[in-house]
Every structure is written in C-alpha cells, then in structure tokens.
Amino acid sequence: MSQGGETKTPTFCNFSPLSSSSHQATLNKLCEVARSSYGPHGKIKLIHNGLGATTVASSASQVLLPALDRGDILSRFLLESAREHVQRCSDGGLFVLLFSVTLVQGCLHLAHESIIQLCQASRVNQHLVELCVEYLQSDCCRCRVQVDLSSLDQLLSLTRTVMMSKPACLLTSEEVETMTRLVLQAFLQTVPDSTNAGQGLGMTVLISVLGCGVEASRVRPGLLVNATTQVDQFASLQVLQDEGIVVLHRLGLEVMDPLLRLTGARPIGSFFSEPESTTYGVLRSLEPLKIGCKDFLLLQPSRPVPVCTLVLCHRTDASLHELKIVCKVAEHLLQLVLKQPYALFGGGCTESHLATFVRHQMQEVVDDRLEELQCPRATYIKVAQNFASCLENVATSLKPDGLLHLVDNKIHHHWLVPASAPLESFWEIEGLQCACGLAVAHLNLSWCTLGPTETERKFEGQALPATLPSPLLLDSFSARTNALLVAVEAARVILETKLIIEESH
C-alpha cells in the first residue's frame, strides 16, 4: 500500500526482453510500416487517433512516427530515436526506423542460430558505421557530391528528390517541377546577399490556400498576412490610421518573428504605458491581395530584408497538409547544404555503394582490429554481411515490386530492370540508368543481383565524372549520415538491453 492508501501496481521486470515473441512481433510490424511507407512509391497510411480528430492521409515520418507510439517499450525507444533525428534534420526518419529494426532483427536471427553473441554484434555494427561515416566524409568517397552553391542544377536536384518523396502530396510530374522551383526560389530569397551577409538566414513563411490547383502556388517577396480577421478598413482605428499607423491583430505566433524582422518593430510589454519611438516599425507598402477565396495583406519592407512568403495551393486539405510538411523539409535540407555543401546519391544508390564497401571491408579486416572488437573473424563476417544486407534492404524498399534489383561492378550503384530481362544484355536496354541517374548502361558494365554473393565483390570505387548529368536524385548528406549513426546507436541499445523495468501508476 502507498502512503495515501492507494494500491500500488507492482514493478514489472523482464530479464530476457529480446526473446519475447510479442517484442519480435512488434518489431515485425514496425519494419513493415516503415518499409511500405518509404520513398516515392510508399503506400499512403490513413491515421486516426480515436479521440474524434480528423483522419490524416500521410507517409511522412513527421506524421507516422508519433502515430505509432503505442507499442512495447523497445519499439517506443526505436520510434523516439527516429523522432529525435527528424527534429534535428527533418528528413530520414523512416530510414532510421527501417535500418535500425532490420539491423536488430538480423542480429537476433544470428544469435538464435547460435552463430553470434549480441554484444559482439553490437560492437561490430558500431565499428562498421564508423567506417561508413569516415568513408562518406573522406575525399575518396565515390557516392558523395560536392554541391556547387552557385549552380542551380544540384540545388534543384536535391529539392526535387524531397518533393517526389511523399506520394500523399498527390503531385503530377509537372506539379513536382513547379513546387521544386518555387521552394528553391523561396529559399534563395532568404539567403542574404553580400551587402547583408552579417544578418544571417532570413525566413520563409508558408501560407496554405485550400481549393486552388497547385499551379496557383506562388512566392511573394515580403510577408502575406491573413486579412479576413482584420477590422474592415480599420474603421474603429481612425486615429491611428490618420497618423500613418496600421494595426494588425490576431496574426498568430508563427508570423510574429518575420513581421518584426520585416518592419524593424519591437514588441511592447503593455498597452498601459506609452511605447518608445523605437518600438514602431516601418513598411514601404501595404497592399490588399486575393488568392483563391482568401484575402491577404502584402507587407513590403522599406529596406532589403530576406523574408518571403510561399503560398501553397492544393485541391484537398490532406494533400495541402502533406505538401506543407514536404516544403518545410526541403527548406531545412537546403539550409543544411549551406553548412555542409555535400549531397549523396539517392534512389538507393548510396546504400548499394555502402553495402559493397562493407562487404569489401569485411574481407580486409586485420587481426588486431578483431582483437580490439573481441570478435572472431567468422562472427565479424556474419555481422558485416547482415549490416550490408540491411543497407540493401533500404535500397530495395524505394521501388515498387516486380523489378529486379541489381548492382554494377564499377560504381556499385542501384539498378532496376524488368525481371524478365537477360542479365548479360542489360546494356542493350535503351536509356537504362542507375536509380539516381548518374550512370547509363554500356557494354563494359556488368551486373549482379543486389545482395549477398558467393564470389567476392570487388570494390573499385571508380572516380566520378568531371561533369555530372542532370537531373539527378540527390539526398541530404547531413541528414543521411546522422540517420546512419542514430539508427546503429538505437539498435545497439536494443541489442545490449538485458533488463526492462516498467512501473504502472
């Protein structure tokens, strides 16, 4: 009994959590949700919280991960790891979930077969991800592109990859191109020019307009505010209007920061004291604007300020909500490129390349390193094979079923061809490209099925061409490398968990 007389539920202890069939079943469900939602061909999920809220259609990790937070404690930890990554990098939440879950499942299977010990697998996984990240950050990396910030092609490729990644946006190919250019246009307007380089990045405000087609979306310099909540013609504020002062109210917290930047105004603490002269902001103009059935006021600054408004239009509320999420992700990834001007090849090509790199490393590992890891060579190879297979599993999740997944012998990229095509003559398929668009099939290339092979796969790491083709599928370097580290760290915690203590109140 507790001090207040209430009965206290006994503390629950589970000394072998990973052997529980219920935990394994939950991992299977997480894996299936992540795999089936991943990439541009992912299946849209309908989500309802059962508390009277509306049903949401989405495949975005920002929506899916919170909705999945109803499993056991191990799955909740994996979900929380993926959510924390999304909060930091915006993109790659489903990658974290899929890679960490499959990594855990593969190691559990090897341990069940008495091939490895989980503590050994955990150490080897950590070693392998460190090798992968070290390779990705090195100058000899052949799946990394240095982004030329003065070239629009690579910035467009990076933005386009994001815009294509969420099928719930329901965008046609023309609408993808429209939104790609608008998002990049809005981002570039927030980057200060050389004369204002010291003021840092500006802001893009997203405004949603329901009922119009996507083609009605626009970028407006300055700030658009909703005019439907303002006092008609400011009739009750004639004294302030006569002094050239405009009062806007009920704008919302999201608009306040860009409004203060735009006008140079300062918030006041109280209406009961006379504001100082420095409190007031200044505008060049204030214009009424109608978009669809909504009325806005367009605020134009009196000086160069990197603030703009991206007006998002769509025909349905669900697609408009998804589009707003994707645009925010794309903007954040472009901001990350300014800090680290690199990108990785998309379409599963980086995962395919890294899997070949790992399979090569497992053949090259020296005895001293095995001694440091306290791991026999045979165990190291089994764990490395599982690590590589999990990377390849991510790559194959990006495309629909019914296609053959291959890897080439030169740059080790991901290729997709009809299952009926003969392996020796893929180069004859007109215009056949790898998944990211970098390489075109030719006579000197050979392929094998993506996955483990009995023969050793040579890692050539062929140099990238001096001029890259366009368009390409490019992923965020910062987001993907962080996702790799987070996924392996989350898997390591799960694999090294010996005891679960749960208290119910």
Side-chain angles (χ1 to χ4, degrees), residues 31-43 59 61 91-103 105-106 125 128-129 131-133 135-136 141-145 161-162 164-165 167 343-362 384-419 423 426 432-439 441 445 447-453 457 459 461 472-477 479-481 483-484 487-488 491:
C31 183
E32 178 55 32
V33 170
R35 183 178 174 86
S36 64
S37 305
Y38 191 53
H41 298 279
K43 303 297 187 293
S59 63
S61 56
D91 190 41
L94 291 178
F95 174 92
V96 171
L97 187 59
L98 180 58
F99 189 56
S100 60
V101 170
T102 53
L103 207 57
Q105 289 178 316
N125 286 337
L128 291 172
V129 77
L131 284 180
C132 286
V133 172
Y135 172 68
L136 291 175
C141 179
R142 297 296 179 252
C143 58
R144 186 188 75 176
V145 177
T161 303
V162 180
M164 293 171 56
S165 66
L344 296 175
F345 293 115
C349 286
T350 290
E351 288 80 9
S352 172
H353 185 89
L354 284 179
T356 306
F357 170 77
V358 168
R359 296 188 191 282
H360 173 73
Q361 290 295 318
M362 75 185 187
Q385 287 174 335
N386 177 64
F387 192 100
S389 294
C390 292
L391 286 169
E392 291 161 341
N393 184 20
V394 173
T396 58
S397 300
L398 282 166
K399 295 294 179 181
D401 297 331
L403 295 175
L404 194 60
H405 298 269
L406 306 171
V407 58
D408 68 88
N409 66 324
K410 294 295 183 183
I411 57 174
H412 318 297
H413 276 217
H414 183 210
W415 298 74
L416 295 118
V417 296
L423 194 67
F426 287 149
L432 179 63
Q433 294 178 305
C434 67
C436 75
L438 176 69
L445 277 182
W447 295 265
C448 63
T449 303
L450 189 65
T453 58
R457 189 179 297 167
F459 185 71
L472 286 170
L473 287 182
L474 295 179
D475 285 333
S476 167
F477 175 83
R480 185 50 52 91
T481 52
L484 269 171
V488 174

Can you tell me how far apart [atom1] ([X]) and [atom2] ([Y]) are? Round to the nearest 0.5 Å.
X    : Y    : atom1 : atom2 : value
S100 : L484 : OG    : CG    : 11.5 Å
H413 : S352 : NE2   : OG    : 7.5 Å
L403 : L416 : CG    : CG    : 5.5 Å
L354 : L128 : CG    : CG    : 11.0 Å
C436 : I411 : SG    : CD1   : 6.5 Å
S397 : L94  : OG    : CG    : 10.0 Å

If we only count heavy atoms from C-beta on, is the [X] to [Y] side-chain gap below 4.5 Å?
X    : Y    : result
C349 : L438 : no
F345 : D475 : no
R35  : T396 : yes
T356 : R359 : no
C31  : L98  : yes

**Q.** Criterion side chain to side chain contact (heavy atoms under 4.5 Å, CB included) against Y38, the qualifying member of V33, V394, L97
**A.**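 Looking at V33, V394, L97, the match for Y38 under the side chain to side chain contact (heavy atoms under 4.5 Å, CB included) is V394.
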Q) Checking side chain to side chain contact (heavy atoms under 4.5 Å, CB included) for the pair E392/E351: CA distance, chi angles, key distance, verdict? A) CA-CA 6 Å; E392 291 161 341; E351 288 80 9; over 6 Å; no
Non-neighbouring partners of [X] that pass side-chain contact (heavy atoms from CB on, under 4.5 Å), sequence neighbours left out:
X    : answer
M164 : R160, V176, L473
T481 : L136, F477
P40  : L398

Q: Check ring pair (Phe, Tyr, Trp, His ring centres under 6.0 Å) between F99 and all other residues, then give those that pass, not counting sequence neighbours.
A: F95, F387
Q. Between Y135 and H353, how do the two ring planes meet: parallel, tilted or perpendicular, split at 30° and 60°?
A. parallel
Q | Contacts of type side-chain hydrogen bond (donor to acceptor under 3.5 Å, both in side chains), residue H414, not counting sequence neighbours | A |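 Expected list: H405.
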Q) Mind checking what makes side-chain hydrogen bond (donor to acceptor under 3.5 Å, both in side chains) contact with T161, not counting sequence neighbours? A) none
Q) Sub-3.5 Å donor-acceptor pair from the side chain of S389 to the main-chain atoms of Q385, do we have one? A) yes
Over all atoms of both residues, closest heavy-atom pair of [X] and [Y]:
X    : Y    : value
A384 : V358 : O-CG1, 3.6 Å
S37  : S59  : O-CB, 3.9 Å
G348 : A395 : O-CB, 3.6 Å
G39  : P167 : O-CD, 3.8 Å

Q: Would you sort out whether N125 and V129 count as a side chain to side chain contact (heavy atoms under 4.5 Å, CB included), showing the intermediate values?
A: CA-CA 6 Å; N125 286 337; V129 77; over 6 Å; no
**Q.** Check against side chain to side chain contact (heavy atoms under 4.5 Å, CB included), L406 and C448
**A.** CA-CA 6 Å; L406 306 171; C448 63; over 6 Å; no
